[in-house]
Every structure is written in C-alpha cells, then in structure tokens.
Protein chains: 2
Amino acid sequence: MLNSATPDVVAALSAALPSLRFIDDNAKYLEEPRGRYVGQGVVVAPADTAEVAAVVKFCSENALAVVPYAGGTGLVGGQIMEDGIVPIVLSMERMTQIRDVFPSENVLVCDAGCILADVQNAAAEVDRLFPLSLASEGSARIGGLLATNAGGLNVLRYGNARAQVLGLEVVTAQGEVLNGLTRLRKDNTGYDLRDLMIGSEGSLGIITAAALKLVPQPSAEGTAMMVVPSPIAALDLLSMAQSRIGEGISAFELIGRQGLEFLDEVGPDVVKPFETHPDWCVLIDLGLPAGLDPQAALENLFVEASEAGIVTDGVIAQSQQQRHDFWNIRESIPAANKRIGSVSSHDISVPLSKIADYIVEGRNNLANIADFRVNCFGHLGDGNLHFNVFPAKGKSRSDYEHLRGDVKKCVHDLVHKYNGSVSAEHGVGRLKVEDLERYSDPVKLQMMRAIKDALDPKGIMNPGAVLRAR
Amino acid sequence: MLNSATPDVVAALSAALPSLRFIDDNAKYLEEPRGRYVGQGVVVAPADTAEVAAVVKFCSENALAVVPYAGGTGLVGGQIMEDGIVPIVLSMERMTQIRDVFPSENVLVCDAGCILADVQNAAAEVDRLFPLSLASEGSARIGGLLATNAGGLNVLRYGNARAQVLGLEVVTAQGEVLNGLTRLRKDNTGYDLRDLMIGSEGSLGIITAAALKLVPQPSAEGTAMMVVPSPIAALDLLSMAQSRIGEGISAFELIGRQGLEFLDEVGPDVVKPFETHPDWCVLIDLGLPAGLDPQAALENLFVEASEAGIVTDGVIAQSQQQRHDFWNIRESIPAANKRIGSVSSHDISVPLSKIADYIVEGRNNLANIADFRVNCFGHLGDGNLHFNVFPAKGKSRSDYEHLRGDVKKCVHDLVHKYNGSVSAEHGVGRLKVEDLERYSDPVKLQMMRAIKDALDPKGIMNPGAVLRAR
C-alpha cells in the first residue's frame, strides 16, 4: 500500500533534502493538454540526477507514488494521477543541459529535461540532424519523448524515439542510478535495459539523461503534395517512391478530404494546394545526399506515377516558403480536429498491406453505429493512422456522448482483427490500460507484470500507468 | 536446484511427447567451433513452436536445464553447458520454414531455425535485401542471431540484428507462447519484450519465429580499398564519406598490415590489391539509389581525400569479381587468425573518437607484457574492432599460455577506461560472465538479475549464460 504525500510527509522530504525545489503553483502539472485528466500531487523539480535519485529513494522508503513529469504533452494521461493517494510529481524542467556534443561520433548527450527543439538546434549547430520531429517539439522534453517512445513525422526514415538512442541514465525505483549513458554503436553485454526503459512510461524508473544519435543533414530537401485516387494508390505510390528513391523519403503523410474541410470550417487558415479538395492526397518529403536533386526526383516520380494511374494531380514545392506551406496544412489538422471536437480519437497502426481495407471497413462499421465524420490522416508510410471520429455536421460531441465507448470499441476491435495496435505512437498511459488488457496477448501482460514487480516491487513508479495499480 | 536429464527423465519426456525427435549422434552439438567448450546434454529437435513449448514446460515442471541451440556458431560458449547437471539441448534445426513474405510491407516472417543465407535468398527473390550479413551466414540460424543480437558487416548502415526485427514469437521459461509476431512498424502498447529477448542469449526464453524487416535493394553497388596513413585518417575518411555520400555507405572496414601478413604466412591465398602491404587500409562498400553512380562517388571521394592527405593510395573495384576479391581479403582474415592461433581474441568497441587512441595505447600496453603480434581489424564505422593478440613470429600459443589472463585483462581494462564494451557483437555467453561482473555497472547487473529471476524463476533457461547460474 502506498501513502499519500501529506503535509507531514512533505515536511520530512523537505527536511531530508533542504535544497530540493518545490513548485507551489502546480495547476499546469495536474491537467493534461486536452483537459481529460485532472490530477493531484506535490510537485518538485530536482536540480540534477543525484537529486532525482534522492527524491525517489525517499519515496521508496516512505512508500510514496512518483509521477515523472516532462513536457506534459502526452495524450494518454501518463503524466497525471487522478485518483486515490497524492503522489510526488517529479518535474524534469530544471534539468535542461546539453551535456556534450560529439560531432565526429554523431552523438549528443543531454539531460532528460531538454526540450526537443533545443536538441534539434544543438544538432544543427554542428551541421547534424536530430531527426525526431513532432507537433509538440517546442515543449515536449527528451525524457518524456523517450519514456513514451514517441513517433512523429520522420519515423519512416529514421525510426521512432527508441531508434534515436544509444544510451540512457536512469534512476531506478530504489533511487539508484543506472549509468547506461554509453556512446557505443555496438555493445552486447547483457540485457537491453535501454529499450526496456524506453516506452515504459515512467513505470519502471525515471530517465534522467540520454546519449542520442545524430545523423548527417540531408544535402537537399524537397516536398510535394500529390493527389491519389485511393489509399491503395497511396500505398502503391509509396512503394514506387521507395524503389526509385530508396532511403531518401523522410516522410509520407496521408491527408483525407475531411481534414481539409475541417480546416475550411474552423481554421487555422492555410494555403490550399489544389482548387478543389481531393478525396485523398499525400505529402511527401525527401532529403537526399549530394548529387541528387529532390525536385527532379519528385518530378520523375510524378510522371511515372501519373502514367501508372496512381496519381492524378500534384504540386512540387518551389521554395522553402512553399515547403513550409505544405507542411503547415498537415500540421494544422490536429488543431482543427480539436476545434471540431472529436467523439473519439484513435492512434492506430495495422500492417501496411491492410491499411486500405482498414479504412474502408472502419468507416462502414462506424456508419452502422451512427452518422459520423471520420478524419483519417497521418503516417501512412509507418502504417500509423490517426483515425478520429467526429459528430456529423450540425451536431455536437454531446449528442454522441453515449456512443463514445461503442465508437472506440468499433475502431479498436477492427484494429485487433487486423493484428494492429491500438496505440501506435501515443503510448498506453492511463487512457489505454483497459485496451491493453483487452487486446494484448495474455502472456505479454504476465511478463510485463513480472518485470514491473521485479524492478519496482513497491509499485511506486507512476502507479496506474501502462499496468493497473495494485 | 536443477536436475540432470537422466535416462529416467529422458524416458519420461519421450513418453510425454511421443513425437519428439531425439538426436543420438550429438557430438557436434556439444562442442563450440573453436573447441574451447565441450559440453554434455540430451539433444532434442522439436518440429514446431508447440513442441518447443511442450519441451520447455516439461523441463520447467521437472527442473531441467534447457540450452537452446541454433547454428552453433557462437564464439562465447552460449550454446554449450560444460559442467554440472546434464541439460536438454533444444535444437532449432527442424524449424526452417519461411512462413510468409510481404514484399509490399518489406516484411519476412520465418521460423527461428532458418539459416541466415536462406533468409537473404528469400528476400532477394522478391527484390528486397535482408541486410544482416556475417561470416557464418551459411550456417548461423535466425534464432541464434537474434538471441545474441549479432552484428556483422552492415551494421553501420542498417544496425545490428535487433534493428532488423519487428516482432518475435517466444517460448517463455514456463513453456508458454508469447505471440509477438507483429508486422507493425509502430506499436507503443507496453514494455519492449522484443528487444529484451533479443540479446538475452536464451537465458529468458526461446525465440521460435521472427518478423524481419527487409529493405530495398540498392540500385548500384561499389567497393574500394583505400590506403590510409593511420586509424585517425581512416576516421577522417569515414567522416568525409558520410558527409558526401550520406546513408549510402554499407560497410567501412579497417584492415591492418598484420592481417595481410597473416594471409601471406598461412593463407588462404587472396588477391593483393597493393604492391606492398600498407600499414592500414579500409574497405568501403557503397549501395546507392538510382541516379547515383558508386564508381563516380568513390572516385570523387578518393580525389578529395587524397588532396586532404588522408588517403595515399586506392583501388576501386571495376567488376563484380573484383568486388568479391576485395571482400575475400577481409573475410579471409578470421581464417588466417585461426591458423596462426591467438593468445587471446577480443571483440571490443569504444566511442568512435577514441578508437585511434585505443589502438596506440592498447599496443603499447601489450608490449609491456611481452612481444606480441596484434591483428586489429574490423568494423571501424561502428567503433567495433577485433583486437586479437598473437604470438611473436617463431613462437607458439603455448609459450604465452601463462600470459593469457594478463593479455585479456590488459585489453579489457583499457576498453573500460574508454567507456567501451568488452563484447561489442559476440555477446556474453559463458566466456564473458566474469568480464560482465567486473566491468558492468552494478545497478545494471542488479536489474538484469531481477529480470532473470522474474521471467525464469526456476533458472532453467540456459543456466550460466549471461548471468552466473545459481
């Protein structure tokens, strides 16, 4: 049984660690971005790894819950403990040092509190790219991005967050420091604790620093939007592009008519690349090595794909401004979604060859429940779509409140049928614990529970995230 | 306490699983390639995953040790249990089916007993590349390659074995089947059991099948050998090549004079690319997308590197035969090493920027012990060198028998000083358990032990591999 962080306990923590900073104005730490979770907690902001370790050690000794808090941008409630006892919320906001950059090794070592955009900039300063990129990069912090194994826009080319990491420093549930901050590309000495921590959402320990992989900056970049007659055609286009351009495709995003109509309806105002909204289009980003011209590659692809009938229209960005405009369309869709207000949002993946079937069948199944608008968009190249369900025009969320559970189940059951994932990139947090129990292999759940109990026997680390608290 | 697989126990196993195949002629399963380990065991070859699970369940219920056996090519004794009780050796040799190939998804699903070369060929048949490549590819099996997180020649570009896997099917220490054979590129639902199993060397469970990532075949390939004045120059050349050619560099191997001299001395006979043996040269392999010419890229690199003084001579392969000849030099070095007979061999990695210092300092430190020949070669681009120590000319291994421990300690202590790894790609097995205890972070060892005890509480899975048996 865990204890609440009562005033007496807090006084004892403060006495034990006199330099520890407590944050009194704690409202922002206790509510997630969309307001779906509102929690409680005593917020502390340690100055360094040693202080993180000391706080966790105190919590372990006093059976207090620890909720790690990075940028607070997570969408599944991993950073918020709503019910029951009052936890210690451990914010990484003061640990924001880029500890070291090794350009010749393509490595950057930083504190877990660094904001992603700052890491990207530090890499750019030495003419390297840190390829993790997502909408919240201006506020998301490295520790949270790694704890949730974040995805984003460049996964197709560079992999998800896990693939960007060489080593981690972690404070364990006992308040000890795992010194795993290696810069090695190859190290086969024992179990892969790094990848176990990545994606464990603070439930096994707290990531305090990371050695991150950098990559060469592409020599030249190019962007195009192409109209495709169907998601199947989009996949054919991806396949054609991969066989012509190889690893040079940095992003391949699907955008449906619904997303563009939402932008018309509620903004933000963006440049429209086509006169009328196509049913489906894709946003393609290339980053090529010296000697290859992205414009020419996109033109060749367009010509060949047009001849094959898998592209019906297209526009290639002619300037950095136009590249920015195209990307702005894609990146504005989540804001439009938020304004429209979804009945239920989903972050799903299915095997690539099943995506087109999934989209058709998913819409049909939903139509059997009620009249909805579906905005299906996202990282097609990764098999990862945001399949978000909205009220029919003229109706509001509240009209569908009673159907929310049915909608979610409808979408997720179909994902399960296709051997997909009900959380492709957002993680489990507290929102999807039940989904995990419903859809996961029971042996996987048993093994996860065994690992949780082994590494955090008192159950103090982010209780209720990923696995049910007990 | 575990029990021996006595004749009575074997009779009971046979009675419980009448269809299970026992292999009587078991000598080859009980000795590792270099003859350093000789073991004991009752060898069985299950037909499928269900039979693997049934065998392990029987072993769990009867407290028998299970030693998984794939291709038997491991170099650290992971596949051999020498002392104490008689284990069940579980050979994957009958599970060799390519279960499915999904070219449009770039995925291949196969049994763990498939030989690597067969998987490479199955990928080539659908115009894809399975990039894992190493000397033993004609006999190494997928299960063993993944259990040991094998490295090899293309890690620089494609990562090690872990990076080639999407999903795994695993038989747990309880004889249950973890159905993790996903083809998804993104799936953030829970702890990363896949990467925990990969590299655990059969000590947490048995990999029975894998969903592997394929990549596009490069459009054109090219190979060159270039003479460099020093390892530092080789690293500068790598850096220059990466900034000019980006991700197109498939391999970047360092070869020292000693390796070439060994080839002269004991064969095998190979083409010599340079009139006199250079102190250092590198073997560079490119695989480029359409529109780029590897010959031209290598020529440009050679010219620019020559002007910068980091390359003094070079030859670019003009035919497939010549490419093969160049690679043959590199791939013949291990055979020559074996004929010379090392005092002690090492599979080390250090941070890339420390490699040149390591080579100099390592040789100096060894010279303080005795007169040796050092053959230092390997995967420079990954920071991974094979730093192998041989008798001085005219002397034999036996002259140095008493120094073997000192040599190993000398090499490994320096690796530790530079925050390197004493097993970059070969794993821990039984050979390096003591090294792991000596050099690893104690918190890491505690966590590994906790995970081992949680997932294999009876300690039946490959006892003594990775962690000491108890």
Side-chain angles (χ1 to χ4, degrees), chain A residues 102 104-105 149 151 155 160 172 176-180 183-193 195-196 199-200 216 239 242-248 289-292 349 351-353 382-384 419-428 436 440-441 443-444 447-448 450-451 454-455 466, chain B residues 102 104-105 149 151 155 160 172 176-180 182-193 195-196 199-200 216 239 242-248 289-292 349 351-353 382-384 420-428 436 440-441 443-444 447-448 450-451 454-455 466:
Chain A
F102 302 89
S104 73
E105 296 182 11
N149 187 28
V155 175
N160 50 18
T172 70
E176 295 186 284
V177 180
L178 171 68
N179 290 305
R183 284 140 52 200
L184 303 176
R185 300 276 160 176
K186 288 167 85 174
D187 179 15
N188 268 351
T189 52
Y191 301 159
D192 185 1
L193 302 178
D195 290 333
L196 183 63
S200 67
S239 184
Q242 283 177 326
S243 70
R244 303 302 177 277
I245 304 167
E247 290 142 274
L292 286 182
S349 65
L352 216 54
S353 63
D382 312 318
N384 174 201
N419 298 312
S421 170
V422 298
S423 187
E425 60 175 11
H426 293 168
V428 177
L436 193 68
S440 276
D441 182 50
V443 176
K444 173 179 165 179
M447 293 174 77
M448 285 173 56
I451 291 169
L455 297 184
V466 189
Chain B
F102 303 90
S104 73
E105 296 182 13
N149 186 30
V155 175
N160 51 18
T172 69
E176 296 186 283
V177 180
L178 171 68
N179 291 304
T182 177
R183 284 140 53 200
L184 303 175
R185 301 277 160 176
K186 289 167 84 173
D187 179 14
N188 268 350
T189 51
Y191 302 159
D192 185 2
L193 302 178
D195 290 334
L196 183 63
S200 67
S239 183
Q242 282 177 325
S243 70
R244 301 303 176 277
I245 304 167
E247 290 142 275
L292 288 181
S349 66
L352 216 53
S353 62
D382 312 317
N384 174 200
S421 169
V422 298
S423 186
E425 60 175 12
H426 294 167
V428 177
L436 193 68
S440 276
D441 182 51
V443 175
K444 172 179 166 181
M447 293 173 78
M448 284 174 55
I451 290 169
L455 297 184
V466 187

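Fair warning: this is a prediction, and the values are worked out from it, not measured in the lab. For the numbers below, each heavy atom of this structure counts, side chains included, while hydrogens, waters and symmetry mates do not. Chain letters run A, B, ... following the sequence lines, proteins first, then strands; residues in each count from 1.
For A:Ser243, no part lies near chain B; criterion is any non-hydrogen pair under 4.5 Å. B:Val466 touches chain A through its side chain: at least one heavy atom from C-beta onward sits under 4.5 Å away, while N, CA, C and O do not. Contacts of A:Val428 with chain B are made by both backbone and side-chain atoms, with heavy-atom separations under 4.5 Å. Looking at A:Asn384, the atoms closer than 4.5 Å to chain B (heavy atoms on both sides) all sit in the side chain, from C-beta outward. Heavy atoms closer than 4.5 Å to chain B are found in both the backbone and the side chain of A:Asn188.
The distance from atom OG of B:Ser239 to atom CG of B:Leu352, rounded to the nearest 0.5 Å, is 9.0 Å. With values rounded to the nearest 0.5 angstrom, B:Asp192 atom CG is found 10.0 Å from B:Asp187 atom CG. Atoms CG and OG, on B:Leu184 and A:Ser421 in that order, are 6.0 Å from each other to the nearest 0.5 Å. Residue A:Lys186 holds its NZ atom at 4.5 Å from CG of B:Asp382, rounded to the nearest 0.5 Å.
Interface check for chain B: of the options A:Leu196, A:Leu292, A:Val422, A:Leu436, the most heavy-atom pairs under 4.5 Å are formed by A:Leu292. Counting heavy-atom pairs closer than 4.5 Å to chain B, the top-ranked of the candidates A:Arg244, A:Glu425, A:His426 is A:Glu425. Annotation: maximal heavy-atom pairing with chain A below 4.5 Å, among B:Ser353, B:Gly190, B:Ala450, occurs at B:Ser353. When each of B:Pro351, B:Pro216, B:Ala454 is scored by its heavy-atom pairs under 4.5 Å with chain A, the top score falls to B:Pro351. Ranked by heavy-atom pairs under 4.5 Å with chain A, the first of B:Gly180, B:Ser423, B:Gly383 is B:Ser423. Ranked by heavy-atom pairs under 4.5 Å with chain B, the list A:Thr172, A:Val177, A:Asn419 is led by A:Val177. Annotation: maximal heavy-atom pairing with chain B below 4.5 Å, among A:Glu247, A:Gln242, A:Arg183, occurs at A:Glu247. When each of B:Leu455, B:Ile245, B:Asn160 is checked for heavy-atom pairs under 4.5 Å with chain A, B:Leu455 comes out on top.
Minimum heavy-atom separation, B:Glu176 to A:Val443: CB-CG2, 4.1 Å.
A donor-acceptor pair under 3.5 Å links the side-chain atoms of A:Asp441 to the main chain of B:Asn179, judged by distance alone.
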